[in-house]
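Report on the following structure.
Proteins get letters first, then strands, A, B, ... in listed order; numbering begins at 1 in each.
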There are 2 protein chains.
Amino acid sequence: MGFLNYGPLTGYELKQGFDDSISHFWNANLSQIYPTLKEMEREGLITIQVEPQEARPPRKVCRITDAGREELRRWLRTPDDLPANRVPFLIKIFFGGNLAREELLDVVRHHLELHRERLEAYRGPGRAALDRWASATGLQREAFYWELTLEAGVKFEQAWVEWCEEAIKRIEAMEADTHENPGR
Amino acid sequence: MGFLNYGPLTGYELKQGFDDSISHFWNANLSQIYPTLKEMEREGLITIQVEPQEARPPRKVCRITDAGREELRRWLRTPDDLPANRVPFLIKIFFGGNLAREELLDVVRHHLELHRERLEAYRGPGRAALDRWASATGLQREAFYWELTLEAGVKFEQAWVEWCEEAIKRIEAMEADTHENPGR
DNA sequence: CAGGCCATGTAAATCGTTACATGATTAT
DNA sequence: ATAATCATGTAACGATTTACATGGCCTG
């Protein structure tokens, strides 16, 4: 939860930070955030200061401690294994022989559309949000890294789009050669 | 569990099917497979026939039913939303400003190495296994789809490798411009 | 006046991994 | 001897998602 290193935040604000920046490669929901914050307080990684408000639940402002900063840096330094990602779509392709040409093509076209949308979202609003954030906070060095992750997203979406386009061509070509074989 | 559509299998054999073909985008372990098989039997999607053996647990051979085949085809036809994949590595980059240049570079280099290995695994043993399977089973049409998924894997690993190489260059270049700023 | 924003949480359900348990046979 | 292969499962644990619960204020 390295967002706290940029400044004190409430759980609610933290959630927003997730949503507008890293939601595509790390997602969190509130019912997970609140217990985690409490636990991190117990471990001395953050402090929680309660600011009561009228007619509202009190804001609970979280601040990172020195111990928390150290723990964050420790975590950032430790390399990961590759995460095993489950991609149901690829299994559908793997067993694509069970569907008729058009059925499978529909699935691929749908997937292509989703990736195109996400690619545009990265290049348009995503980039815009990043620039806004960068100039609002003035965190130059940080913004460089945010950009790197955004470009990673762009790269993978491009790869997906290309693969889908290629796959559609290949499926159409392959099925033209073969005898029609709808049901099976 | 569309493997059963290729022929009857035991849970154990099924697990092997996962391991040598689709393990990188869908993984299963035995303690998950066995309960699932039982449930699918209850739902009438498969039948389980017990073949006792001496000095061994009995083989439980599973066969897909017509209802199972239909359910499989139904599942294959339904399009998915994009899965939200958690990539801890990218968060580390996102918050990379908290580390010194060399520390971050180590993390990226490690990641690059893993993706290079996986890329080679796909192109070498992965491809070989696919070819062996294809000629062993004679499932031509199916093999075409297996290949498509393998190529998807290759494509993404390439994208990763390229991104990592680019990122390393950019980080080195950027840090050269900037003042040394190790701790922070 | 309906829906979204602010702001907190608890409880239950689901999903997936890891550990435990057994036990003979075959290969190194 | 040691480890891997065959072959089944149960139990516990951990992580994640979804549903439930509250409630005023502001915008269209």
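- Only one option out of Arg59(B), Lys60(B), Arg56(B) pairs with Glu51(B) in a salt bridge (Lys or Arg N to Asp or Glu O under 4.0 Å); it is Arg59(B).
- Partners of Gln49(A) under the side-chain hydrogen bond (donor to acceptor under 3.5 Å, both in side chains) rule, at least two apart in sequence or in another chain, are Arg63(A).
- Ring-plane geometry between Trp160(B) and His115(B) is classed as parallel, the angle between the planes falling under 30 degrees on a 0 to 90 degree scale with a further cut at 60.
- For the atom pair Gln32(A) CD and Asn29(A) CG, the distance stands at 5.5 Å (nearest 0.5 Å).
- The line from CG of Leu76(A) to CD of Glu71(A) is 9.5 Å long, rounded to the nearest 0.5 Å.
- Aromatic ring centroids of Phe3(B) and Phe18(B) lie under 6.0 Å apart.
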Without placing hydrogens or testing angles, list every side-chain donor-acceptor pair under 3.5 Å for residues 120-136 of chain A, not counting sequence neighbours.
| residue | atom | partner | partner atom | Å |
| --- | --- | --- | --- | --- |
| Ser135(A) | OG | Asp131(A) | O | 3.1 |
| Ser135(A) | OG | Arg132(A) | O | 3.3 |

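- Per the geometry, CG belonging to Leu30(B) stands 16 Å off C1' belonging to dA11(D), to the nearest Å.
- Leu114(B) belongs to a hydrophobic cluster whose remaining members, ordered by chain and number, are Leu82(A); membership requires side-chain heavy atoms of ILVMFWY residues under 4.5 Å apart, directly or through intermediates.
- Bracketed by its first and final contacts, the part of DNA chain C lying under 4.0 Å from non-hydrogen atoms of chain A reaches from dC5(C) to dG16(C) in 5' to 3' order.
- With Arg116(A) as the fixed residue, the side-chain hydrogen bond (donor to acceptor under 3.5 Å, both in side chains) test singles out one of Glu165(A), His111(A), Gln158(A): Glu165(A).
- Contacts between residues 31-60 of chain A and DNA chain C, counted as heavy-atom distances below 4.0 Å, involve Ser31(A), Tyr34(A), Lys38(A), Gln53(A), Arg56(A), Pro57(A), Pro58(A), Arg59(A), Lys60(A).
- Applying the 4.0 Å criterion to OP1 and OP2 of dT5(D), one finds that Gln16(B) has every side-chain N and O outside that range.
- Residue contacts for Asn29(A): at a heavy-atom cut-off of 4.0 Å it reaches a base atom on one of the strands shown.
- For CD of Glu70(A), the number of neighbouring non-hydrogen atoms (other residues, nucleotides, ligands) closer than 6.0 Å is 12 at most.
- For Arg86(B) and dA15(D), the CZ to P distance is 11 Å, given to the nearest whole Å.
- Bending across the helix from dC1(C)-dG28(D) to dT28(C)-dA1(D), expressed as the angle between its end axes from five pairs apiece, amounts to 50° (10° rounding).
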